[in-house]
*Asks:* 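Here's a structure for you.
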Amino acid sequence: MEENDLIKVTTVTTEECEKAIKKEKEDIFEENQDAEICNLIAIDTETEAFDKKLGITPRNAKMIGLSLSQDGVLADYSTDKKSWAFLMPDDEQTVIFHNAKFDFGVLRRAGLPVPQKFEDTLIASHLLDENNAHGLKLLAKKHLGINDPVTFNEADKMRLLDPEVFAEYARNDARYTFRLWEKFRTELDKQELKEVYEMEKQLLPVVMAMETHGMKIDTDSLAAISLEVKAESARLKSEIFDLAGMEFELNKPLSVGVVLFDKLGLKCPKQTAKGARSVDSESLKEIAHPLAVKILEYRSIDKLANTFIKVLPKFADENGRIHPEFKPLGAATGRFSCADPNVQQIPNKSELGKAVRRAFICDAGNKLIVADFSQMELRVLAHYSQDETLLKAYCTGGETDLHTITAQKIFAKEDVDKNERGIAKMINFGIAYGITDVGLYRRLTATGITTTQGECKRYIDDYFKTYKGVHKFLKKVKETIQKRGYVKNFFGRRRRLKGFSSREIRQAQNFIIQATSADLVKRAMVALAGKLPEGAQLISMIHDELIIECRSDHAEAVLKIVVEVMQDTPEGFTVPMPVDAKIVDCWADAK
DNA sequence: TACAGTAGCGCG
DNA sequence: AAAGCGCGCTACTGTA
C-alpha cells in the first residue's frame, strides 16, 4: 500500500518529458550512490494484443506504450509516441528487459533505438530454472511475493475504459523486471552461470537477424508436389479400403484398430499409454499384414502433405521467404527449438522428404552454404569419457568409421557386414540416450533387423567392455545427479533433476552430451556473425547444422570462414570437431 | 467456439 | 513403471 502512495501517476507529454526524466534521474542519483544501480533501467514495451485471426503476431504487433523503472519502485508509462524517443535511455545505460528479443523487435519497428547494453531476466530465469515457466507475472509471484499480479488480458480489457488501470499494469511490468534482475544477477553469479548467460545475450541479435532474413522457398514446386501427393494419397486410400473390404476413417487410430483387430482378427502387439490398442508405426510394422503396410505408407505421405507441403507456402512473405521463430532457450538442454514453421523437422529421409528439401532455395545470384558437425554428439562423448577407443577414432586423424569399429569389437571379427554395422550404429547413438536392452531390441526390430532381447543385452555388455571410459563416465554422471540434484555441461549450463528415477538418470546423462553440443553450436553462431562478409547471412540452424545464404561469388570464401569458425573448439575441449560443408542451390543438395 | 489432452510422427 | 534424449505439428477426442 505504501508503495502505491509513492507512485505518482504521470501522463508524460512530449514537451515535459525530457525535463522530467532528467530530474528524476538526478533525484534517484542523489538517493543512491551505487553508480551501477543508477545506470540500470528496466524497460517494457506494450503492444496491441496478439490475435491469430487478425494476423497480429509478436513479430508485427504495434507498440502502444513504453514503461520504465530505474529502481523497481518508481515507474513511468507513456502512450505518447512522440515521447518515446526522449524516454529511451542513452547508450551508457544498461537496459533490463524481460524477453529482450521481443522488445528489441518492437522498438525497432517503432523506429526507436535498440539499447547497446542490456540484461534479460527471461534468459536469466531460464538458466536458473529450466524446469518451469517464465512468465513475468509468474516470476513476480514466485520471487517478489506479489499476490495477484494483474494479467495482460485483464489489463487489456480495461485499456480504453480506464487507461490508468493499463498504465499501472505496464508500470508494474517495468518494476517487476527491475527487481527480478536484482535477484537473478547475484544468483547467476552464485551458480557460475555468468558465462552461459553472456553467450545467450550475444546470441540474441544473431538470432534476430536470422529470423528477419528468413529462408527462401520455392512455392511453385511445393504446389506441384502438392498435386502429385494428393493423387498418390487418394490412390493409396482406395487400395487400403479394397484390402480392408470396407471404408473406414483412416485418420482415426480407433477406426484403424477396429479394422485390424476386430474385422481381420489380427493380434495387437502393443498398447498406448492410456491402455488402448496401439496402431502406431511400431505396432503396424510388427503386424506386417499387407493392409498395415499400406496404412504406414499412407500415413507417411499424409504427414508430409499436411505438415509441410500444404503449409509451408502459407508462411511465405511477398519475397517467397519464410521467417521461422528460433527459440534459443526452447529446450531444457540449451538446444534451440523452432516454430512457425518448425524447419528443424523438415523431412530428410524419404524421397518425398527430399523433394520438400529441394523447395528450400536461395535468391537469384546467391548460394547456400550448408555446414554440419560430423558425429557431433559422439565426439562430445569422446571428450567427456576420454575413452581410449573413442579418442583413437576421433583424435588420431585419418579415415575412421566408428560404427564399423564398434561392430568389429562387438562381433569380434574384422569383416563386418552391413547388418552388423547397422546394429553397432544404433548402439553408438543409443548410448548417449541411455538405451536399455529392451529399447535396443525394439528399435532393431523396427528397422527390420532380427534379434532377441538377450542378444541385445549381450551387445550392450560388449559395448561397455570395449568402451570402458564411456561406462565410467555414465556411472559418474549417475552418481553426480543422485548426490547433487544437478549436472553441468562444458560451459556450466545446468540441468536440475532429482535423479530418483532411471528416466531422470538418463536425462542427466544425455544432458551433458546434448547440452555441450548445443553450446558449441551457439558459440560458433556468435563467432560467425562477426566474421561473415557483407551480404552473407545465417538463415537457419538445425541443431548440428548451420545454413548461410550469400552471394555466389562469395560462396567459396564464406565456406572457408564457416568451416574455420565452427571447427574452432574452446580451450580445454579435447576432441576435434570436423565440419562437412557444401555450396548448394537448394537444401536437398547438401546430402 | 475454444481449449486441453492423446496418439502419432517429422527432425537432430 | 518403464524400458531412448530433446523438440513442434496435425488430427482427433472430450469437455465446457
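This is a predicted model, so every value here is computed, not measured. Sequence lines set the chain letters: A, B, ... in the order given, protein chains first and strands last, and positions in each chain run from 1.
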*Asks:* Would you mind writing out the side-chain donor-acceptor pairs for residues 578-591 of chain A within the sub-3.5 Å range, not counting sequence neighbours?
*Replies:*
unit_1: A/Asp585; atom_1: OD1; unit_2: A/Lys367; atom_2: NZ; d: 2.8
unit_1: A/Asp585; atom_1: OD2; unit_2: A/Lys367; atom_2: NZ; d: 3.4
unit_1: A/Trp587; atom_1: NE1; unit_2: A/Glu545; atom_2: OE2; d: 2.7

*Asks:* Salt-bridge test for A/Lys457 and A/Asp461: reply yes if a basic N is under 4.0 Å from a carboxylate O, no otherwise.
*Replies:* yes
*Asks:* Using a heavy-atom cut-off of 4.0 Å across all strands, would you classify A/Val311 as base, sugar-phosphate, or nothing?
*Replies:* sugar-phosphate
*Asks:* Can you pull out the residues from residues 496-511 of chain A that lie within a 4.0 Å heavy-atom distance of DNA chain C?
*Replies:* A/Ser502, A/Arg503, A/Arg506, A/Gln507, A/Asn510
*Asks:* Can you confirm whether A/Lys137 is buried at NZ, in the sense that more than 12 heavy atoms of other residues, nucleotides or ligands lie under 6.0 Å from that atom?
*Replies:* yes
*Asks:* Scan residues 255-314 of chain A for pairs that pass ring-ring contact (aromatic ring centres under 6.0 Å, His included), counting only residues two or more places apart or in two chains.
*Replies:* none
*Asks:* Which atom pairs, donor and acceptor, lie under 3.5 Å between side-chain atoms of residues 334-356 of chain A and protein residues at least two apart or in another chain?
*Replies:*
unit_1: A/Asn342; atom_1: OD1; unit_2: A/Gln344; atom_2: N; d: 2.8
unit_1: A/Gln344; atom_1: NE2; unit_2: A/Met541; atom_2: O; d: 3.0
unit_1: A/Ser350; atom_1: OG; unit_2: A/Gly353; atom_2: N; d: 3.0

*Asks:* Using a 3.5 Å cut-off on both pairing distances, which stems of three or more Watson-Crick or G-U pairs include DNA chain C?
*Replies:* B:1-12 with C:5-16
*Asks:* Taking A/Lys230 first and then A/Asp302, would you say they form a salt bridge - that is, a charged N and a carboxylate O separated by under 4.0 Å?
*Replies:* no
*Asks:* Please give me every residue in residues 348-361 of chain A whose heavy atoms get under 4.0 Å of an atom in DNA chain B, ordered by residue number.
*Replies:* A/Asn348, A/Lys349, A/Arg357
*Asks:* What interatomic distance, in whole Å, is found between C1' of B/dC9 and the corresponding atom of C/dA1?
*Replies:* 24 Å
*Asks:* At 4.0 Å (heavy atoms only), tell me whether A/Asp437 reaches a base, stays on the sugar-phosphate, or touches nothing.
*Replies:* nothing
*Asks:* Closer than 3.5 angstrom, by distance alone: can the side chain of A/Asp120 be matched with the main-chain N or O of A/Lys201 as a donor-acceptor pair?
*Replies:* no
*Asks:* Contact between A/Ile449 and A/Asn419 at the side-chain level, heavy atoms closer than 4.5 Å - yes or no?
*Replies:* yes
*Asks:* Go through residues 223-236 of chain A and report each residue with a non-hydrogen atom lying under 4.0 Å from DNA chain C, sorted by number.
*Replies:* none
*Asks:* Have a look at A/Gly439 and say if it touches a base, only the backbone sugar-phosphate, or nothing, with a 4.0 Å heavy-atom cut-off.
*Replies:* sugar-phosphate
*Asks:* Relative to the 5' end of DNA chain C, which residue comes earlier, A/Ile431 or A/Asp340, by the nucleotide with the nearest heavy atom?
*Replies:* A/Ile431
*Asks:* In whole Å, I'd like the distance from the CD1 atom of A/Ile346 to the P atom of B/dG12.
*Replies:* 11 Å
*Asks:* For A/Phe248 and C/dC12, what is the distance between atoms CZ and C1' respectively, to the nearest whole Å?
*Replies:* 15 Å
*Asks:* Is there a donor-acceptor contact under 3.5 Å from the side chain of A/Lys157 to the main chain of A/Glu154?
*Replies:* no
*Asks:* Kindly say if A/Arg495 contacts the phosphate of C/dG6, meaning a side-chain N or O under 4.0 Å from OP1 or OP2.
*Replies:* yes
*Asks:* What I want to find out is whether A/Lys468 reaches A/Asp387 closely enough, with some N-O distance under 4.0 Å, to be called a salt bridge.
*Replies:* no
*Asks:* Is A/Ala332 touching bases, backbone alone, or none of the nucleic acid, heavy atoms closer than 4.0 Å?
*Replies:* sugar-phosphate
*Asks:* Can you tell me how far P of B/dC9 sits from CD1 of A/Ile301, to the nearest Å?
*Replies:* 14 Å
*Asks:* Measure all distances between protein nitrogen or oxygen atoms and nitrogen or oxygen atoms of nucleotides 3-5 of chain B, and list the pairs falling under 3.5 Å.
*Replies:*
none

*Asks:* Among residues two or more places apart or on two chains, list those pairs meeting ring-ring contact (aromatic ring centres under 6.0 Å, His included) that have a residue in residues 490-528 of chain A.
*Replies:* A/His383-A/Phe490, A/Phe490-A/Phe573
*Asks:* If we ignore hydrogens and angles and just use 3.5 Å, is the side chain of A/Asn489 paired with the main-chain N or O of A/Ile512 as donor and acceptor?
*Replies:* no
*Asks:* Quick one: which protein N/O atoms are closer than 3.5 Å to N/O atoms of nucleotides 6-8 of chain B? Pair and distance per line, please.
*Replies:*
unit_1: B/dA7; atom_1: OP1; unit_2: A/Thr272; atom_2: OG1; d: 2.9
unit_1: B/dA7; atom_1: OP1; unit_2: A/Lys274; atom_2: N; d: 3.3
unit_1: B/dG8; atom_1: OP1; unit_2: A/Val279; atom_2: N; d: 2.9
unit_1: B/dG8; atom_1: OP2; unit_2: A/Ser278; atom_2: OG; d: 3.4
unit_1: B/dG8; atom_1: O3'; unit_2: A/Arg299; atom_2: NH1; d: 3.4
unit_1: B/dG8; atom_1: N2; unit_2: A/Lys303; atom_2: NZ; d: 3.3

*Asks:* Holding to side chain to side chain contact (heavy atoms under 4.5 Å, CB included), I want the full list of residues that pass it with A/Ala305, two or more places apart in sequence or in another chain.
*Replies:* A/Val229
*Asks:* With sequence neighbours left out, what residues match A/Tyr486 under ring pair (Phe, Tyr, Trp, His ring centres under 6.0 Å)?
*Replies:* none
